[in-house]
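Below you'll find the structure, written out as structure tokens, and then a few comments.
So you know, we letter chains A, B, ... as the sequences are listed, proteins then strands, and number each from 1.
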There are 2 protein chains.
Amino acid sequence: MRSGRAPTLEDVARVAGVSRATVSRVINGIRNVDPQLHEVVWDAVGQTGYVPNRLARSLVTRRTGTVALVVSDSEAHDDDPFMSRFFADPYFGRVVGGLMSVLRREGVQLALQIVGTDDAKKRLVGDLRSGQADGAVVLSLPAVDPLPRMLTDGGIPAVLIGRPADPVPIDYVDLANDTGAALAAEHLLARGCRRIGMISGPADVPASLDRISGFRRAMARHGHGWFPTASGNFTQDSGEAAMRALLAQDPALDGVFVANDLMALGALLALRSTPQSVPDDIAVVGFDDSSAATAAAPPLTTIRHPLEDMAAEAARLLLARVEDPAMQVSSVIYEPSLVRRTSA
Amino acid sequence: MRSGRAPTLEDVARVAGVSRATVSRVINGIRNVDPQLHEVVWDAVGQTGYVPNRLARSLVTRRTGTVALVVSDSEAHDDDPFMSRFFADPYFGRVVGGLMSVLRREGVQLALQIVGTDDAKKRLVGDLRSGQADGAVVLSLPAVDPLPRMLTDGGIPAVLIGRPADPVPIDYVDLANDTGAALAAEHLLARGCRRIGMISGPADVPASLDRISGFRRAMARHGHGWFPTASGNFTQDSGEAAMRALLAQDPALDGVFVANDLMALGALLALRSTPQSVPDDIAVVGFDDSSAATAAAPPLTTIRHPLEDMAAEAARLLLARVEDPAMQVSSVIYEPSLVRRTSA
DNA sequence: CTTTCGTTGGAGAGCGCTTTCCGAGTCTGC
DNA sequence: GCAGACTCGGAAAGCGCTCTCCAACGAAAG
């Protein structure tokens, strides 16, 4: 097969016997080109196996047809295995899947970027500003993250998945985490549970915070101003430990809301080595409706989190903002729903 | 903050009072520059907030600092939800995590590409040839895929994860799937199982094929030339169905090897509604040691598949080939191991 | 004091593409 | 039959960068 240098516009022009400009016009479907030549040019393209060089094109058009998926981490994790845990989590894949479902049919590519240090974030913004990508979808993990602000200051089209920790005029999609947690509380209460505990996530990231406050509010509304709590870091192991801690606080617990499915899996595991059975003695409600939920034994009653849809919406929002940078800043909040399975 | 046009080399040169060439030399750390000027230039860089334009740089250096992660699918799936299932699977995330663990510290970026149709594959090769990325890591899903050959023909540095279906002179990393399956067979046999069945994956993809043949061979070696089989498509649901089918063939089964953990989860689910208990009446061995294995009830005995390590090795291999395209084609095969948990 | 060499920095070409600007044709309408 | 309006295609100027080539200069050598 043809090897060596890839054919350029110039080559096609030579073969077709026209100028570079004309070939460019034909390729980009610009009017003002004689149908005759049109055909001649396409023939030449076929003959030479020409493929436009995206780099060169982007350099002049200032459009890359690429968006970045930025995973913004904190400095602290820079070299620990946290990241690999993050990728193994279904969360990441669901986001990518959702994004790709819309980007793909627009012919837009996704470039993955991981930034930990502030320095890396600065570099990222610089790269983005110089046209490395048309925009960014941001997954901001740390509790407090300068990146969203940097992005807006730099004038970079960007959409967050999950609300920013501090108010920044930036587009985002999020889940009504508080409503979801309230749903869980009400389900547990309606089921007749009287001694309910909660296993929460870290107390500093927005999504986790919202689940805590939503649950707390709903419980208070039903007269449970206080309830035992333990917290984990969204991993299965931490959920298992938290369940034990909770049981130590109140061995007669008859219901527990766990802030994500992975930790709920851990909780279920911990419960398996106690006399209590799920859901008869103690009901368990998870959060996310991830694949772990159906895999669990017993299958987890959980709060559905339409992450794919949210990611898809984020992609759409980003594309729209790229198209019209002056567009009004907007956010779209998804409503969670309760998925009843066996565990509660 | 400074907005509008991003500063260019030209701007820095003007501020520093030197020529573009000199700034370029300083930035790229080329010697032959008076330490005095060196400092002046860096000052100017700081002042202007200059960040080199990667596009422009790549255009001339023919190096992008980006590798593509190509998910090669078949035309058939082009518009069905298969892809989103694929992303939700821990498999994808583990690969990304493994790749990033090495790419990140080399400052190399990952660009995600999904190609279904032959046309898209052709376009991809063209893009790659014209320097869109320095190389590609390929996840080839379909049973028979023209992409690997296209890549080598196009002279694109590429590494497959999982062996190609038909022999192609291309680098790849793979797992000794047959050995893993044999491990499972031997474990089941050593445990005293006499009526063993297998739930396999699709009969046309290499990894699945190897697991089937490895298991079959090991069983034959121990006098079990025939055993009941059912097949699924690597999803939990299909595993559940396959388990029922197997039980219908032989209700007295006392052991089953399931070709991946997700299907094993399904099998466990199916067994929960039968009188048999796992592992006492029937032992179950999975494959992959994915996060699903520990989440299962009972926790799954399974074959460990060091996917992160394999992906990391693929990244290293690719980087090496990019550096030296003439390097000899090589493949590295990882050895699986048995992880004993409770299910067998 | 001239020659030679090594060092340093500038000019400028060129990576492959798009796009503005023009000039050369082609058509109408009077 | 010719001005004016259009259509079409080419020349060429960049996009922001790297890197080769060369001029200039100072120092070392003869």
*Provide, to the nearest angstrom, the distance between the CZ atom belonging to A/R57 and the P atom belonging to D/dG16.*
18 Å
*N/O (side chain, B/R62) to phosphate O (OP1/OP2, D/dT18) under 4.0 Å*: no
*Taking the side chain as C-beta and beyond, is there a heavy-atom pair between A/L110 and A/T66 under 4.5 Å?*
no
_Expressed as a whole number of angstroms, how long is the span from B/R20:CZ to C/dG14:C1'?_
11 Å
*Using atom CD of A/E10 as one end and atom P of C/dG14 as the other, report the distance to the nearest whole Å.*
12 Å
*asked:* With nearest nucleotide decided by heavy atoms, which residue, B/T22 or B/L55, maps closer to the 5′ end of DNA chain D?
replied: B/L55
*asked:* Whether the side chain of A/R25 and the base of C/dT19 hold a donor-acceptor pair under 3.5 Å is what I'd like checked.
replied: no
*Bend across the helix from C/dC1-D/dG30 to C/dC30-D/dG1, to 10°, with axes taken over 5 pairs at each end?*
50°
*Going by an N to O cut-off under 4.0 Å, is there a salt bridge joining A/D166 and A/R149?*
no
*asked:* Between C1' on D/dG16 and CG on A/D127, what's the gap in Å once rounded to a whole number?
replied: 14 Å
*Look up atom OG1 in A/T152 and atom CG in A/L147, then write down how far apart they are to the nearest 0.5 Å.*
9.5 Å
*side-chain hydrogen bond (donor to acceptor under 3.5 Å, both in side chains) partners of A/T64, counting only residues at least two apart*: A/D134
*To the nearest Å, give me how far apart CG (A/N53) and P (D/dC15) are.*
18 Å
*Could you tell me whether the phosphate oxygens of D/dG10, OP1 or OP2, come under 4.0 Å of any side-chain nitrogen or oxygen in A/S19?*
yes
*To the side chain of B/L9, which of D/dG10, D/dG16, D/dC17 is closest?*
D/dC17
*Could you tell me which residues satisfy side-chain contact (heavy atoms from CB on, under 4.5 Å) with B/E106, sequence neighbours excluded, listed by chain and number?*
B/V108, B/L319
_Sidechain N-carboxylate O distance under 4.0 Å for A/K122, A/D118_ = no
*Measure from the side-chain heavy atoms of A/S24 and tell me the nearest of D/dC19, D/dG16, C/dT19.*
C/dT19
*How long is the line joining CZ of A/R63 and C1' of C/dT19, in whole Å?*
17 Å
_What's the separation between atom CD1 in B/I170 and atom CG in B/L160, rounded to the nearest 0.5 Å?_
4.0 Å
_Is the phosphate of D/dT18 approached by B/N28 (side-chain N or O, under 4.0 Å from OP1 or OP2)?_
yes
*asked:* Using whole Å, what does the distance between atom C1' of nucleotide C/dC17 and atom CG of B/L59 come to?
replied: 8 Å
*In whole Å, what is the span from the CZ atom of B/R54 to the C1' atom of D/dT18?*
16 Å
